[in-house]
Protein chains: 2
Amino acid sequence: MKNIHRLPTSTDVARLAGVSQSAVSRTFSRRGSVSEQTRAKVVAAADQLGYRPNALPAIMQGQRSQMIALVTGRMQNPFYARVLQALTNALQQQGQQVLVSCVDSDHALDDAINQSMRYRVDAIVSALAVITPATAASLSRTGIPVVAFNNVQNAPGVSSVNSDNETAGRQAAAHLMTRGCQHFGFIHGPQDSPAARQRWQGFSVYLAEHGVNDIASACGDFSYQSGAAAALQLWREGSGPQGLFCANDLMALGAMDTLRQTLGVKIPDDVAVIGYDNTDASAWDAYQLSSFDQDIETMAKETLAILEHYRSSKQSIVRTVPALLLARASSA
Amino acid sequence: MKNIHRLPTSTDVARLAGVSQSAVSRTFSRRGSVSEQTRAKVVAAADQLGYRPNALPAIMQGQRSQMIALVTGRMQNPFYARVLQALTNALQQQGQQVLVSCVDSDHALDDAINQSMRYRVDAIVSALAVITPATAASLSRTGIPVVAFNNVQNAPGVSSVNSDNETAGRQAAAHLMTRGCQHFGFIHGPQDSPAARQRWQGFSVYLAEHGVNDIASACGDFSYQSGAAAALQLWREGSGPQGLFCANDLMALGAMDTLRQTLGVKIPDDVAVIGYDNTDASAWDAYQLSSFDQDIETMAKETLAILEHYRSSKQSIVRTVPALLLARASSA
DNA sequence: TTGTAAGCGTTATCAG
DNA sequence: CTGATAACGCTTACAA
């Protein structure tokens, strides 16, 4: 006796409809041709049985799985949340599915990738910096496309989509200079974030080009708390900069709160602050934080375009999407 | 000639290792017995070829797919982001995968569920309120377990995990009364959120039991902006309540900003505010918003426990997890 | 401990 | 337009 809880198969439908299994397949796959009469019988039988086509066998036959793996960091960081949202949206519109992994260590990343591979995902999109050389190598050998999202990846065969961090860094510096700042500060992101480093690069190089070589800086890890701590450090070490650029919004918000409430520093009167990400909270009345908007929706679309292109060319591609400075009260 | 870009299969490995395909299967599935010698040959051949076991055939054989579908709302709402994080974490520890769908309309939800089903997910977890009767029915017929996350679901055969919204609502009222408030206000969530309704229920009933029948209220949609608008409305209509409970934190934060900056109302001197979710931002210096922590990690674990239990009992279960009031400066 | 062979539920090919 | 039939890459008896 068969298992009662087995889902109905195309064969079950075929039997009930009095047609061949292939007829059922053709009816649902929309390939090949089926007479209107047959289709009607099949459809009737199918929903009498509550039939749901099984996607797995098709994948085994070599069709694309329509699943992509997305590897991101922790959702506490609103940037990752937005990335997930944008990518999920874009993919679902195309009928693709998203297999997510939230990860916080290198080891876990490799693990997550290996797990996803077992399900034969069509591609891997990683918003995380680190892929070990071993993983990168074995990945490129499989020929499965990998897109680094907002992370320049030196690994060969890895495509990437990035916001133009360096130009943004330069813009931040220019904006603060225009506003009359003479002393500058920067709050770094985690060491392993290429994006954060590029922001620093643009910022510091621009300032150097304009005769400023002494930038006060402190290190953070992209969290609110680390931003608060960094601000404390910067202002304890001296009188504090007049222009502060932070590698992301969360740290900028933490810094703002500490500046205003603990250190009694006025924003923007005593110091102008700029962040990066245009997190929702940046627009809140309590902050009005100037920030760079990364246009994640466009980056998501670019990601899909890269994957589409890769299918024919097998070439890895690097795209850069400009970030837009939204000047708000924090730097007015 | 075979497709060059085909991934290596267990048969390829077997051929290279000079053993049977089943030997390879046994080596990787850890069932059955393999001699140390054979295993060594197999492993060597496998990573020479870059072999990755394919999970799909096993699923077709009736094994569990180790994938669960998660349906949530938009990640702009930090609550959903935390749910995703917690669930993903808990599942990945068990070697399970998460197929996500972010959804904002009923129609899209049914669609997302149907798509997931094609991949033979082991279960569906929905943090969204609405499942149409049709979907619910066809779902229960398939026997696939469904867990409503923080959404009481009247549909039969649907399990759920909820934070104790009603008790929390009562606690909020009690807390505000103890503090000496006499006039109360509430900002509602979306109409279709059972959780938000239960919070209101607890809040209003407790107050009624203590002689307060007149509660000023306005409607929001869980967003910061809607909270700001609701506050404006409440204070324009009268002198404003002394105790304000909001169906979630985002709305409470919006209300706080509007109260302080637009209306010049002091918190907590003129009005005490309580939110729900214990969003990260609630703990920020600029807000110090009292809030209920839902202990999402526990709820995630309960979800897995329910699924585990369901496997043997086929019984749907309802669990309630207490929410903890974190009293901060906004209601001090 | 091994290998052989029969499925799993589709799609793809090819006669009718 | 339709229906057999052979894959797809595994797991799982069963036999050796």
Side-chain angles (χ1 to χ4, degrees), chain A residues 1-3 5-43 45-46 49-67 117-122 142, chain B residues 1-3 5-43 45-46 49-67 117-122 142:
Chain A
M1 170 162 177
K2 291 192 174 181
N3 184 352
H5 280 297
R6 191 173 62 72
L7 291 168
T9 71
S10 61
T11 309
D12 298 331
V13 175
R15 189 166 26 233
L16 180 59
V19 299
S20 73
Q21 182 274 329
S22 349
V24 177
S25 171
R26 281 189 291 255
T27 300
F28 285 99
S29 68
R30 305 227 159 257
R31 301 176 197 279
S33 34
V34 206
S35 70
E36 202 42 63
Q37 200 178 4
T38 303
R39 147 165 281 120
K41 282 193 292 187
V42 169
V43 169
L49 256 35
Y51 170 68
R52 321 250 184 177
N54 185 341
L56 274 23
I59 303 171
M60 283 180 40
Q61 306 279 9
Q63 296 203 352
R64 308 205 340 254
S65 65
Q66 308 273 64
M67 285 194 277
M117 295 272 303
R118 301 187 57 233
Y119 293 88
R120 297 303 187 250
V121 294
D122 293 329
T142 65
Chain B
M1 170 166 176
K2 290 193 176 180
N3 183 353
H5 281 296
R6 189 173 62 72
L7 291 167
T9 71
S10 61
T11 309
D12 298 331
V13 175
R15 187 165 29 230
L16 179 59
V19 298
S20 74
Q21 181 273 327
S22 12
V24 178
S25 170
R26 281 189 291 255
T27 300
F28 285 98
S29 68
R30 304 230 161 256
R31 303 175 197 281
S33 35
V34 207
S35 70
E36 202 42 63
Q37 198 178 6
T38 304
R39 149 165 279 119
K41 283 192 292 188
V42 168
V43 169
L49 256 34
Y51 170 67
R52 322 251 185 174
N54 185 341
L56 273 24
I59 303 171
M60 283 180 41
Q61 307 275 7
Q63 297 201 354
R64 307 203 344 251
S65 66
Q66 310 271 69
M67 285 195 277
M117 295 272 303
R118 300 187 58 233
Y119 292 87
R120 297 303 186 246
V121 294
D122 293 329
T142 66

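Order of the sequence lines fixes the chain letters, A, B, ..., with proteins taken first and strands second; residue numbering starts at 1 for each chain. All values below were derived from every heavy atom in this structure, side-chain atoms included, with hydrogens, water molecules and symmetry-related copies excluded.
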List for me each residue that meets side-chain contact (heavy atoms from CB on, under 4.5 Å) alongside A:Thr27, sequence neighbours excluded, and say none if there are none. A:Val34, A:Arg39, A:Val42, A:Val43
Is it true that B:Tyr119 and A:Tyr119 have ring centroids separated by less than 6.0 Å? no
Can you name the residues that form a side-chain hydrogen bond (donor to acceptor under 3.5 Å, both in side chains) with B:Asp122, not counting sequence neighbours? B:Ser65
Can you tell which of D:dC10, D:dC8, C:dT2 lies closest to the side chain of A:Met60? D:dC8
Taking only residues two or more places apart in sequence, or in another chain, which ones meet B:Ala58 in a side-chain contact (heavy atoms from CB on, under 4.5 Å)? B:Gln63
d(CZ, A:Arg15; C1', D:dG3) in whole Å: 16 Å
Below the 4.0 Å mark, does D:dC10 have OP1 or OP2 next to a side-chain nitrogen or oxygen of A:Tyr119? no
Between P on D:dC10 and CG on A:Asn54, what's the gap in Å once rounded to a whole number? 17 Å
For residues A:Gln21 and A:Ser10, is any side-chain donor paired with an opposing acceptor at under 3.5 Å? yes
Using heavy atoms and a sub-4.0 Å distance, could you list which residues of residues 18-28 of chain A are near DNA chain D? By number, please. A:Val19, A:Ser20, A:Ser22, A:Ala23, A:Arg26
For B:Asp12 and D:dC8, give me the distance from atom CG to atom P, rounded to whole Å. 11 Å
Atom CZ of B:Arg64 to atom C1' of D:dT11: distance rounded to whole Å? 16 Å
Can you tell me the distance, in whole Å, between the CD atom of B:Glu36 and the C1' atom of C:dT2? 15 Å
Spacing between B:Ile59 atom CD1 and D:dT11 atom C1', to the nearest angstrom: 12 Å
With sequence neighbours excluded, residues passing side-chain hydrogen bond (donor to acceptor under 3.5 Å, both in side chains) with A:Arg52: B:Asn114, B:Ser138
Who pairs with A:Ser35 by side-chain hydrogen bond (donor to acceptor under 3.5 Å, both in side chains), at least two apart in sequence or on another chain? A:Thr38
OP1 or OP2 of D:dC8 under 4.0 Å from side-chain N/O of B:Thr9: no
With a cut-off of less than 4.0 Å, is there a side-chain N or O of B:Gln63 near OP1 or OP2 of D:dT12? yes
Taking CZ from B:Arg6 and C1' from D:dC10, how many angstroms apart are they, rounded to a whole number? 13 Å
Starting at atom CD of A:Gln61, determine the distance to atom P of C:dT10, rounded to an integer number of angstrom. 11 Å
